[in-house]
Amino acid sequence: MQEIAGRAEAIALLHWYEEMGVDIAIDETPVDRLVAPAAKPAPEARRDAEAERPPLQRPAPSRPAAVAPAPTVPASDATARAARETAKAANTLDELRLALDGFTGCNLKLTATRLVFGDGNPDSRVMLVGEAPGRDEDIQGLPFVGRSGQLLDRMLAAIGLDRTSVYIANVVPWRPPGNRTPTPQETAACRPFIERQIQLVDPDFLLCLGGAAAKEMMATSEGILRLRGNWRDFDTGTRTIKVLATLHPAYFLRQPLQKRLAWRDLLTLKTALDQPSQDFG
Ligand code: URA
């Protein structure tokens with residue numbers, strides 16, 4: 001009886017992990033979850049952290065987490081150089097996709113099922129940039145196709161846009177195991193590729209989805225609640241365009257009442273799109 005209960009509990013725990021996005025155990029060294037937690041951050045920092053946390057990374061209140069922190073292997077200068085040169089050599093999105101598929105400088109490629117390259121309308125004036133693919137994206141090879149992607153579709157529809165009228169990509173094109181946050185080294189290794197993707201799509205407006213993408217594209221450590229809603233300049237390397245940040249759709253799945261913030265940001269984007277194009281850009 002005891003054994004059956006143990007087995008049933010173990011299966012229930014595995015199902016729970018799966019639902020939380022934990023579908024791989026990757027670290028070789030144990031993590032001590034019993035050490036005292038760090039001092040509480042200030043309220044504003046806590047709000048930003050909550051707003052920036054992707055859907056499946058919430059610490060479990062009463063169960064051990066199976067996904068260990070990422071290995072801290074710095075992206076070497078040689079990796080960074082190879083990434084820059086490989087990305088720069090691509091003259092079309094298809095070439096860039098092929099180049100990225102063959103690029104071995106980011107360890108996320110080893111655990112991801114497949115590359116999740118950008119998708120949508122490459123002639124669009126609007127390019128959306130997320131953080132990294134999740135489980136559904138990893139399976140389908142397309143950005144924002146899971147629950148947060150479905151909410152994103154509804155958000156876009158609210159201002160008359162859809163996937164045929166925007167282009168969508170991620171800063172990091174491979175799913176981090178268990179949906180953990182990409183390390184700075186992984187992001188740095190992938191950065192030249194998202195930069196080149198932006199150059200090739202050449203949008204007038206970038207919309208960053210979530211704090212991680214916003215901080216990376218806006219090169220700042222400011223929290224998303226401060227960053228969101230205000231246009232900034234973005235130098236693509238060939239011209240200056242506008243970049244706006246909003247919260248990640250996954251945040252709105254957890255905090256539906258905050259959707260009003262997204263609505264304001266989307267209206268800001270729509271207003272800009274409705275201006276004659278020479279006003280921006
Ligand atoms: N979250 C992201 O940031 N990107 C995706 O593609 C899916 C979820």
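Only heavy atoms go into these numbers, but all of them, side chains included; no hydrogens, no water, no symmetry mates. Residue numbers start at 1 and run along the sequence shown. Worth saying up front: this structure is predicted, and the values here are computed from it rather than measured. Counting starts at 1 for both ligands and their atoms, in listed order.
The option with the heavy atom closest to atom 1 (N) of ligand 1, from among Glu131, Glu137, His248, is His248.
With salt bridges taken as basic N to acidic carboxylate O contacts below 4.0 Å, one links Arg163 and Asp153. In this structure, Asp233 pairs ionically with Lys242, as a charged nitrogen and a carboxylate oxygen lie closer than 4.0 Å. The residues Arg147 and Asp136 are annotated as not salt-bridged, no charged nitrogen and carboxylate oxygen being separated by less than 4.0 angstrom.
Residue-level proximity to ligand 1 for Ala132 is carried by the backbone, the only part with a heavy atom below 4.0 angstrom.
Between Phe103 and Trp174, the ring planes lie parallel to each other; the angle is under 30°, not in the 30° to 60° tilted range.
Looking at Thr240, Leu244, Ile198 one by one, the single match for side-chain contact (heavy atoms from CB on, under 4.5 Å) with Phe234 turns out to be Ile198.
The distance from ligand 1 to the heavy atoms of Asn170 drops below 4.0 Å at these ligand atoms: 2 (C), 3 (O), 4 (N), 5 (C), 6 (O). In summary, the atoms of ligand 1 found under 4.0 Å from a heavy atom of Gly130, numbered by their order in the structure, are 3 (O).
Distances between N or O atoms of Phe144 and those of ligand 1 include at least one value under 3.5 Å.
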